[in-house]
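Counting starts at 1 for both ligands and their atoms, following the listed order. The model shown is predicted, which means the values in this text are computed figures rather than measured ones.
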Amino acid sequence: MTRQFLIAGNWKMNCGPADAAELLENLKKQKQELADVVDVLVCPPFVSLSMSVNYLHETDIQVGAQNLHFEDEGAYTGEVSARMIAESGCNYVIVGHSERRQYFGETDEIVNRKARKALEHRLAPVICVGESLDQRKNEKHHSVVEEQVKAALNEVGHSEVLDAVIAYEPIWAIGTGETATPGQAQEMHAHIRTILAEMYTDEIAASLRILYGGSMKPHNAEELLSQDDVDGGLIGGASLKAESFTEIITIAENLS
Ligand code: 13P
């Protein structure tokens, strides 16, 4: 089964509308050179979503949000719903990033509610899972990730899950410059695929994309993306420069 790579940029709390315009302008210029065999996604902060959608209108670069609330509307000051994100023209949303779990108290249950709400509104949730350094040192990484995957997809049916994307992001590799080795990434991705096969079917597990995230850069992207079960990247720092993001897209294209 060949899965098309998805190269996704998580801009985190960077790039308001002015910086976003500059980054997207550069990205558009560089991306024009490329063939279209890789799916490309950018996830700007909320305030830059609409302009990014408009800006990328005639390209095939997709736009996603970084978070959502699990209710459709109401008295939730400061929150943004799946319906609003979809209305803004996005088709993806990141769910359960470790920074949200760590700094904003997102539990597995909240992640599940968000993932289900995204799917209800035809937004593809990019569901993030991953262990801490302590958990890996204590050999708990397999069970931690298994729990996170199972909890995030609780009550998500066979037909709905096909729209979901899983991102394995070991916390110790995020923003640290330290990357999982290709072997560590492959091993965990295969583990996740086995869990998905148990929850759903072999076919569904084989068709779902599992991205790697955590200090993916142009210099290590090729060996990570060459792994059988690595179907793309969720890229933080290196997605903030059009050059490095495009370099990673090109690497994925050459591997396609
Ligand atoms: P870095 O690529 O900066 O390590 O960030 C990874 C990440 O958290 C993407 O969601």
- [ ] Test Y212 against every option in D231, T179, N220 by the side-chain contact (heavy atoms from CB on, under 4.5 Å) rule and name the one that passes.
- [x] T179
Task: Nearest-contact summary for atom 2 (O) of ligand 1 - protein heavy atom, Å - done: G236 N, 2.9 Å
TODO: Could you list which atoms of ligand 1 come closer than 4.0 Å to a heavy atom of S215?
DONE: 1 (P), 2 (O), 4 (O)
Task: Nearest non-hydrogen protein atom, atom 5 (O) of ligand 1 - done: K12 NZ, 3.3 Å
Open item on the list: Checking a contact table here: which protein heavy atom is nearest atom 7 (C) of ligand 1, and how many Å away?
Closed with: E169 OE2, 3.2 Å
Open item on the list: Assigning hydrophobic clusters by single linkage (Ile, Leu, Val, Met, Phe, Trp, Tyr; side-chain heavy-atom cutoff under 4.5 Å), is L211 placed with V129?
Closed with: no
Open item on the list: Could you report the tightest heavy-atom contact between S132 and W172, atom names first, then the distance?
Closed with: C-CD1, 3.8 Å
Open item on the list: Can you tell whether the side chains of R193 and D228 come within less than 4.0 Å, N to carboxylate O?
Closed with: no
Open item on the list: Looking at R83 and E73, is any side-chain nitrogen of the basic one under 4.0 Å from a carboxylate oxygen of the acidic one?
Closed with: yes
Open item on the list: What I want to know is whether E99 and ligand 1 share at least one N or O pair that is separated by under 3.5 angstrom.
Closed with: no
Open item on the list: Applying a heavy-atom cut-off of 4.0 Å, say which part of A173 lies close to ligand 1: side chain, backbone, both or neither.
Closed with: backbone
Open item on the list: Taking E247 first and then K217, would you say they form a salt bridge - that is, a charged N and a carboxylate O separated by under 4.0 Å?
Closed with: no
Task: Heavy-atom check, side chain of R101 versus side chain of D108, under 4.5 Å - done: yes
Task: Polar proximity ligand 1 side, A238 side, N/O cut 3.5 Å exclusive - done: no
Task: Under 4.0 Å to a heavy atom of G214 - the qualifying atoms of ligand 1, by number - done: 4 (O), 6 (C)
Open item on the list: Using a 3.5 Å cut-off on N or O atoms only, is G237 in polar contact with ligand 1?
Closed with: yes
Open item on the list: Are any of the N/O atoms on L234, whether in the backbone or the side chain, positioned under 3.5 angstrom from an N/O atom of ligand 1?
Closed with: no
